[in-house]
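In what follows, a single structure is set out as structure tokens and then discussed.
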Amino acid sequence: MPPRIAEAAHLEPGDTVVEVGPGLGVLTEELAGRLDPVQGGRLIAVELDNTLLPILEKRFTDRPYVSFVHADVLEVSPLELTGGVDYKVVANLPYYITSAILRHFLEAKEKPDSLTVMVQREVAERMAAGPPDMSLLAVAVQFYGRPKVVFRVPPGAFQPPPKVESAVVHIEVYKQGEAPVVPRSEAGFFRIAQAGFGQKRKQLANTLASGLALPKDEVISSLREADIDPSRRAETLSLHEWGQLEAVLGSPT
């Protein structure tokens, strides 16, 4: 499985790679083997468990282009890790902090070129879903990049096997000028989307009025101006339509 994850990351020999949670270094080994320090390749692995660091450092002592940082990845910026160079993220993410780590990198000023992560299968599918099965997670990820479920990982691939199926997702982060939505306010865009998804299976007119504390008739008028039927539900809207709505509503407070 580690070779397939490393392959899914589409690494070049001269890449800078940030690995989150190397553990005992099995995936680290695969990633390091695809990098060439002569061409500038380097691997920065962030590990929270300090009992693993001596094991990792000993295992990779003959490869100085592989370095280990003892830290909570959520408390260290990408700039601090990489020094500001282009980089790619590869990780087998703990399920309970998947969203937080994705946000940490996707919302950073210094975004990665791509993220290749193993997550719970249902989460992977939600990231890559389109209308009529959108979710707030799908909007949040697709706002920054193009997610693709590369392959599924059955429970039997782990020891002991977990109760859920996993999947590897590759997110190609938009380069400058590629983003499908450029809102007036990024914070306003996500406030509107969060309000829209606030009450599942309810009509947008109701969820937005409630979530944004706006009069319902004002919300209905804004939806129609954005060419969106007020009776629709949040999961049916495309990313482009959320952008249209933000352009009309602005940045509600």
Side-chain angles (χ1 to χ4, degrees), residues 8 10 88-89 93 98-117 119-150 167-212 214 218-253:
H10 303 297
K88 297 176 180 177
V89 173
L93 296 180
T98 293
S99 294
I101 291 178
L102 290 175
R103 286 185 60 184
H104 181 69
F105 286 103
L106 290 174
E107 294 178 4
K109 183 178 179 182
E110 298 79 17
K111 295 175 177 53
D113 292 335
S114 66
L115 298 95
T116 305
V117 294
V119 299
Q120 191 172 335
R121 178 180 61 81
E122 290 84 353
V123 173
E125 291 173 348
R126 280 168 50 210
M127 283 187 212
D133 298 311
M134 291 290 279
S135 64
L136 187 58
L137 177 63
V139 171
V141 171
Q142 293 172 31
F143 182 86
Y144 296 107
R146 292 176 288 268
K148 178 183 178 182
V149 179
V150 184
V168 171
V169 180
H170 180 76
I171 305 170
E172 197 72 27
V173 178
Y174 302 127
K175 294 179 174 60
Q176 189 170 5
E178 288 184 347
V181 176
V182 183
R184 290 183 293 177
S185 164
E186 190 170 310
F189 175 89
F190 282 111
R191 177 164 165 71
I192 292 166
Q194 188 171 20
F197 283 100
Q199 297 171 289
K200 290 183 178 179
R201 290 179 286 280
K202 286 198 174 182
Q203 295 182 0
L204 269 173
N206 294 324
T207 59
L208 290 172
S210 173
L212 300 175
L214 293 173
E218 181 181 327
V219 170
I220 290 174
S221 176
S222 296
L223 284 164
R224 286 175 174 158
E225 187 179 344
D227 200 25
I228 298 169
D229 186 335
S231 67
R232 287 175 62 186
R233 290 164 172 76
E235 59 267 27
T236 70
L237 265 64
S238 68
L239 198 67
H240 177 69
E241 286 176 311
W242 285 113
Q244 288 179 306
L245 188 54
E246 188 272 342
V248 172
L249 281 173
S251 300
T253 56

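Here the structure is a predicted model, which is why all the values come from computation and not from measurement.
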Exercise for the section: Could you tell me the separation between the OG atom of Ser231 and the CG atom of Leu223, rounded to the nearest 0.5 Å? Expected result: 9.5 Å
Problem - Criterion side chain to side chain contact (heavy atoms under 4.5 Å, CB included) on Leu115 and Val173, from CA distance to verdict - result: CA-CA 8 Å; Leu115 298 95; Val173 178; 3.8 Å; yes
Handout entry: Tyr144 side chain to Ala179 backbone, donor-acceptor under 3.5 Å
Key = no
Handout entry: Nearest heavy-atom neighbours spanning Leu204 and Gly196
Key = CD2-CA, 4.2 Å
Practice task
Please report the closest heavy-atom contact between Ala138 and Ala129, naming both atoms and the distance.
Solution key: CB-O, 4.1 Å
Problem - Distance (rounded to the nearest 0.5 Å) between Leu102 CG and Glu107 CD - result: 10.0 Å
Exercise for the section: Could you please spell out the steps behind the side chain to side chain contact (heavy atoms under 4.5 Å, CB included) verdict for Leu212 and Val219? Expected result: CA-CA 9 Å; Leu212 300 175; Val219 170; 5.6 Å; no
Completion exercise
Shortest non-hydrogen pair, Leu93 vs Val119, comes out as CD1-CG1, 4.2 Å
Practice task
Spell out, as yes or no, whether a donor-acceptor pair under 3.5 Å connects the side chain of Arg146 to the backbone of Glu172.
Solution key: no
Problem - OG-CE distance between Ser99 and Met127, expressed to the nearest 0.5 angstrom - result: 7.0 Å
Exercise for the section: Measure from the side-chain N and O atoms of Lys88 to the backbone N and O of Thr116, and report whether any donor-acceptor pair falls under 3.5 Å. Expected result: no
Problem - More than 12 heavy atoms from other groups under 6.0 Å of CD on Gln203 - result: yes
Problem - Close side-chain approach of Leu249 and Leu214, heavy atoms under 4.5 Å - result: yes
Practice task
Without swapping roles, check the side chain of Ser210 against the backbone of Thr207 for a donor-acceptor pair under 3.5 Å.
Solution key: no
Practice task
List the steps and the verdict of side chain to side chain contact (heavy atoms under 4.5 Å, CB included) for Glu241 and Gln244.
Solution key: CA-CA 5 Å; Glu241 286 176 311; Gln244 288 179 306; 3.6 Å; yes
Completion exercise
Closest non-hydrogen contact found for Ser222 with Leu245 is O-CD1, 4.3 Å
Practice task
Kindly compute the distance separating CD (Glu218) from CG (Leu208), expressed to the nearest 0.5 Å.
Solution key: 11.0 Å
Practice task
Output yes when a side-chain donor or acceptor of Glu246 lies under 3.5 Å from a complementary backbone atom of Arg184, and no otherwise.
Solution key: yes
Practice task
Considering non-hydrogen atoms only, spot the tightest contact between Pro147 and Val169 and give its length.
Solution key: CB-CG1, 4.2 Å
Practice task
Mind checking the CG-CZ spacing from Asp229 to Arg224? Nearest 0.5 Å is all I need.
Solution key: 8.0 Å
Practice task
List the steps, then state whether side chain to side chain contact (heavy atoms under 4.5 Å, CB included) holds for Arg232 with Leu237.
Solution key: CA-CA 8 Å; Arg232 287 175 62 186; Leu237 265 64; 3.7 Å; yes
Problem - salt_bridge(Arg126, Glu122) N-O dist < 4.0 Å - result: no
Practice task
Might you point out which heavy atoms bring Met134 and Gln142 nearest each other, and give the distance in Å?
Solution key: CE-OE1, 3.8 Å
Problem - For Trp242, the option from Phe143, Phe197, Phe189 that meets ring-ring contact (aromatic ring centres under 6.0 Å, His included) - result: Phe197
Practice task
Supply the atom-to-atom distance Glu235 CD to Leu136 CG, rounded to the nearest 0.5 angstrom.
Solution key: 12.0 Å
